[in-house]
Amino acid sequence: MLNLYGKRKVCLVARVVSSEPAKQSRKNNHSKYETIDVVYLDNITKIVLKRPEKKNAFSFEMYKEVCSALDDAGQDDSVLTVITGQGDYFSSGNDLNNALRAFKGSPDEMVKETSGVVRNFVCKVIDFPKPLVAMVNGPAIGIATTILGLCDLVYASDKATFNTPFSKLGQHPEACSSYTFPRIMGLSKATEVLLFNKTLTAREACNVGLVTEVFPDATFKKEVWSKLIDYATLPKNCLALSKQLIRKVEKEKLHAVCEREFELLNTRAYSDDAINAVQRFFQRKSQL
């Protein structure tokens, strides 16, 4: 797992997660969002990616809504926050239809706005003040895999798989995976995953440290939720401050890595590799 020790002296951020009750306004709050559900239960805030017809692909709107939900969850009275998917997929990653959405402005402006929304999502996860748990209920592709390197715990169904097909799409690693993956799984395995599109099974992902624990799919939700209920009985501020202590030395580095990754992605957005890959994607889609 990540080695988070450093030589710098760590100063705890004075800010502690809000202790003000928010249960009434946050409990089972479905109506606020279109692409996700947010449910408060057992002192846990659960964010459910809810585009099963699109395999929970991240649309422009979903990125924004997850960011909003993370802002709320960071300040509510929950002890920890969970992200999971509805249906068979955790998430199929970035929705390539984002490139086709209506936009007033130049192509460069559209790239900057789109990458800014994704970068904001990554930064929200980096800065999230409470324990953040991923419940990977099925396949995770692209950013749905890379973001796991920033989560505190990753529990997976044995039907889950993990794939980052960046090279096939003329793209590059994001969500700090160019830094976190080599630290988590070693340089050789990270290279196989990030450059050469190696798909990991849940067991393989667990063996290299990306996944915390794997559960049988039939009992996945029940077993994981039982474990999380136990965790949610622990002191909220104690957990939040301990997370800050562990993560503080890494935050500055992670934000710098995130910035470098998006600089490259923006520069390469209209490369021949990227354009040809997107064209091939939509050609295959039109033939289905």
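We use all heavy atoms of the structure for the numbers below, so side chains are in, but hydrogens, waters and symmetry mates are not. None of the values given here were measured: they were computed from a predicted structure.
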- Message: Show, in sequence, the C-alpha distance, side-chain angles and deciding distance for L49 and Y89, and conclude whether the side chain to side chain contact (heavy atoms under 4.5 Å, CB included) test is met.
- Response: CA-CA 9 Å; L49 308 179; Y89 270 68; over 6 Å; no
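- Between D127 and H255, the closest side-chain pair of non-hydrogen atoms falls below 4.5 Å.
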- Message: side chain to side chain contact (heavy atoms under 4.5 Å, CB included), that's the test. Do L132 and K243 meet it? Break it down for me.
- Response: CA-CA 10 Å; L132 183 62; K243 174 175 176 173; 4.3 Å; yes
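- The side chain to side chain contact (heavy atoms under 4.5 Å, CB included) test with V214 singles out one residue from N207, D158, V154, and that residue is D158.
- Using a distance-only test at 3.5 Å, with no hydrogens or angles considered, no donor-acceptor pair links the side chain of E223 to the main chain of F215.
- Residues D72 and K32 meet the side-chain proximity criterion, which asks for heavy atoms closer than 4.5 Å.
- At distances below 3.5 Å, not a single donor-acceptor pair connects side-chain atoms of S68 with backbone N or O atoms of K64.
- When the side chains of ILVMFWY residues are joined at heavy-atom separations under 4.5 Å, either directly or via intervening members, M185 and L195 end up in a single hydrophobic cluster.
- In this structure, I44 CD1 and L228 CG are separated by 5.0 Å, a value rounded to the nearest 0.5 Å.
- In terms of modelled atom types and a separation under 3.5 Å, the side chain of T164 and the main chain of F166 share no donor-acceptor contact.
- At least one donor-acceptor pair under 3.5 Å links the side chain of N56 to the backbone N or O of Q86.
- Across all non-hydrogen atoms, the minimal contact from Y231 to L80 is CB-CD2, 3.7 Å.
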- Item | Residue pair S115, L265: steps toward the side chain to side chain contact (heavy atoms under 4.5 Å, CB included) verdict | CA-CA 8 Å; S115 66; L265 287 165; 6.0 Å; no
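- H172 contributes atom NE2, which lies 15.0 Å from atom CZ of R260 (distance to the nearest 0.5 angstrom).
- Counting only heavy atoms from C-beta outward, the side chains of L70 and V125 approach each other to under 4.5 Å.
- Residues A156 and F162 come closest through the heavy atom pair CB-CZ, 4.0 Å.
- Taking the side chain as every heavy atom from C-beta outward, R119 and C258 approach each other to under 4.5 Å.
- The side-chain heavy atoms of N163 and T145, taken from C-beta on, include no pair separated by under 4.5 Å.
- Once rounded to the nearest 0.5 Å, the distance linking OH of Y63 with CD1 of I36 reads 13.5 Å.
- Side-chain atoms of L194 and S177, non-hydrogen and from C-beta on, do get closer than 4.5 Å to each other.
- No option in T81, D76, N237 other than D76 meets the side-chain hydrogen bond (donor to acceptor under 3.5 Å, both in side chains) test with K130.
- Considering all non-hydrogen atoms of both residues, V79 and A232 come closest at CG2-O, 3.3 Å.
- In terms of hydrophobic clustering, with Ile, Leu, Val, Met, Phe, Trp and Tyr side chains grouped at heavy-atom distances under 4.5 Å, M135 and I229 are assigned to a common cluster.
- Interatomic distance, CD of E252 versus CG of L254, reported as 10.5 Å (0.5 Å rounding).
- Taken from CD1 in I184 to OH in Y179, the straight-line distance is 10.5 Å, to the nearest 0.5 Å.
- Distance alone, capped at 3.5 Å, is enough to place a donor-acceptor pair between the N137 side chain and the G85 backbone.
- The closest side-chain donor-acceptor pair between S78 and T45 falls under 3.5 angstrom.
- Between D95 and K54 there is no salt bridge, since no side-chain nitrogen of the basic residue lies less than 4.0 Å from a carboxylate oxygen of the acidic one.
- With contacts defined as side-chain heavy-atom distances shorter than 4.5 Å, the pair I147/L150 qualifies.
- Considering V48, I47, V38 as possible partners of Y33, the one that fulfils the side chain to side chain contact (heavy atoms under 4.5 Å, CB included) test is V38.
- Here the shortest heavy-atom pairing between C151 and R247 reads O-NH2, 3.2 Å.
- Under the 4.5 Å side-chain criterion, counting only non-hydrogen atoms from C-beta, E259 is in contact with E263.
- Closest heavy-atom contact between N197 and S167: OD1-N, 3.7 Å.
- Inspection of the E65 and T35 side chains reveals an N or O donor paired with an N or O acceptor under 3.5 Å.
- For S92 (side chain) and I141 (main-chain N/O), no donor-acceptor pair under 3.5 Å exists by modelled atom type.
- Not a single donor-acceptor pair under 3.5 Å links the side chain of S226 to the backbone N or O of K222.
- In K221, the NZ atom is not crowded: 12 or fewer heavy atoms of neighbouring residues, nucleotides or ligands sit closer than 6.0 Å.
- Following chains of ILVMFWY side-chain contacts shorter than 4.5 Å, one can reach I143 starting from L200, so the two form part of one hydrophobic cluster.
- Each of F60, F58, F128 was scored for a ring pair (Phe, Tyr, Trp, His ring centres under 6.0 Å) with F121, with one residue passing: F58.
- The shortest non-hydrogen separation linking C176 to V122 is SG-CG1, 4.3 Å.
- Checking side-chain atoms of T146 against main-chain N and O of A175 turns up no donor-acceptor pair under 3.5 Å.
- Under the 4.5 Å side-chain contact rule for hydrophobic residues, L239 and L245 do not share a cluster.
- Summarising the geometry, atom NZ belonging to K189 is positioned 6.5 Å from atom CD belonging to E204; distances are rounded to the nearest 0.5 Å.
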